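Bear in mind the structure is a predicted one, so any value in this text is a computation, not a measurement.
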Amino acid sequence: MDIGINGNWQRQSRIRQRSEKQAERFRRRFQKERRLHRAIRENAMDILHSSNFRKTKQHVQHGTMTVNSHCMDVAKCSLYLSEKLAKLHIHCNRRELIRGALLHDYFLYDWHDKEHVQIHNLHGFYHPGIALRNASAEYRLTPRERDIIKKHMWPLTVVPPMCREAWIVTVADKWCSTLETLRLRHGHGAVRYLAVNNEDC
């Protein structure tokens with residue numbers, strides 16, 4: 001009888017410890033997401049509130065992930081990587097990293113549509129140039145931001161990135177794209193009828 005009670009108590013204790021560890025892991029993940037999102041808002045509020053950036057919620061990038069969600073994830077992943085590199089005394093420009101990451105897929109069309117069938121076949125090669133042209137029309141881009149947008153598809157873009165910010169975004173983009181393509185990270189799908197002017201980012 002004592003063994004049964006003792007075993008039951010130990011099992012409950014293990015469950016409680018596991019639950020506490022899960023809760024702590026969730027808290028840490030939530031705090032990290034909140035910190036990264038705050039940094040993005042501080043450095044790119046104008047981009048987040050622009051009508052064209054909000055329209056990227058209408059187009060799917062990979063799987064069920066919209067272009068908007070993908071760009072936000074790449075910006076957060078890039079920031080996280082830059083923080084890890086900073087511990088190794090490898091520093092980069094945080095503002096330019098964030099802004100370049102948000103605008104790296106600023107091509108503003110649905111590359112899955114039949115009307116873009118030629119672009120669909122060579123989208124990986126062409127969209128960095130289109131994104132750079134669109135971003136340059138709306139924002140005053142720094143040389144680093146231009147390099148991030150133009151070279152993020154390396155090695156499809158033959159010339160490699162020329163700054164560490166562009167290398168970081170290139171790695172983050174490939175990581176996020178892989179998770180989305182393999183359906184290991186899910187989105188909500190495209191929002192077809194978006195009230196762009198009334199929605200908070």
Q. Is a salt bridge present between Arg28 and Glu24, judged by a nitrogen-to-oxygen distance below 4.0 Å?
A. yes

(Q) Tell me whether Glu83 is salt-bridged to Lys32, with the criterion being a basic N under 4.0 Å from an acidic carboxylate O. (A) no

N/O donor to acceptor pairs below 3.5 angstrom from side-chain atoms of residues 129-141, sequence neighbours left out:
from, atom 1, to, atom 2, distance (Å)
Asn134, ND2, Tyr106, O, 2.9
Asn134, ND2, Phe107, O, 3.2
Asn134, ND2, Ile130, O, 3.4
Ser136, OG, Leu132, O, 2.8
Ser136, OG, Arg146, NH1, 3.1
Glu138, OE1, Tyr106, OH, 3.1
Glu138, OE2, Asn52, ND2, 2.6
Glu138, OE2, Tyr106, OH, 2.9
Tyr139, OH, Ser50, OG, 3.2

State the [atom1]-[atom2] distance between [X] and [Y], to the nearest 0.5 angstrom.
X	Y	atom1	atom2	result
Asn68	Lys55	CG	NZ	13.5 Å
Met72	Leu36	CE	CG	9.5 Å
Ser82	Ile90	OG	CD1	11.5 Å
Leu48	His37	CG	NE2	6.5 Å
Asp173	Cys71	CG	SG	8.0 Å
Phe26	Gln31	CZ	CD	10.5 Å

Transitive ILVMFWY side-chain link [X] to [Y], under 4.5 Å:
X	Y	answer
Val169	Trp154	no
Val74	Leu85	yes
Leu81	Leu88	yes
Ile40	Ile47	yes

Least distance between heavy atoms, [X] atom then [Y] atom:
X	Y	value
Pro160	Lys151	O-NZ, 3.5 Å
Gly100	Glu145	N-CG, 4.3 Å
Lys174	Pro155	CE-CD, 4.3 Å
Lys57	Thr66	O-CG2, 3.5 Å
Arg144	Cys163	CG-SG, 4.0 Å
Ala39	Asn43	O-ND2, 2.8 Å

Q) Please walk me through it: do Arg99 and Asp46 pass side chain to side chain contact (heavy atoms under 4.5 Å, CB included)? A) CA-CA 10 Å; Arg99 296 178 73 82; Asp46 57 328; 2.9 Å; yes

Donor-acceptor pair, [X] side chain versus [Y] backbone, under 3.5 Å?
X	Y	result
Thr181	Thr178	no
Glu165	Ile148	no
His104	Ala101	yes

Q: Report yes if the side chains of Val159 and Lys150 come closer than 4.5 Å at any heavy-atom pair, otherwise no.
A: no

Q. Would Asp105 and His152 count as a side chain to side chain contact (heavy atoms under 4.5 Å, CB included) if you check the C-alpha gap in whole Å, the side-chain angles of each, and the deciding distance to 0.1 Å?
A. CA-CA 9 Å; Asp105 277 344; His152 78 272; 3.1 Å; yes

Q) Within a reach of under 6.0 Å around CE of Met162, are more than 12 heavy atoms found that belong to other residues, nucleotides or ligands? A) no

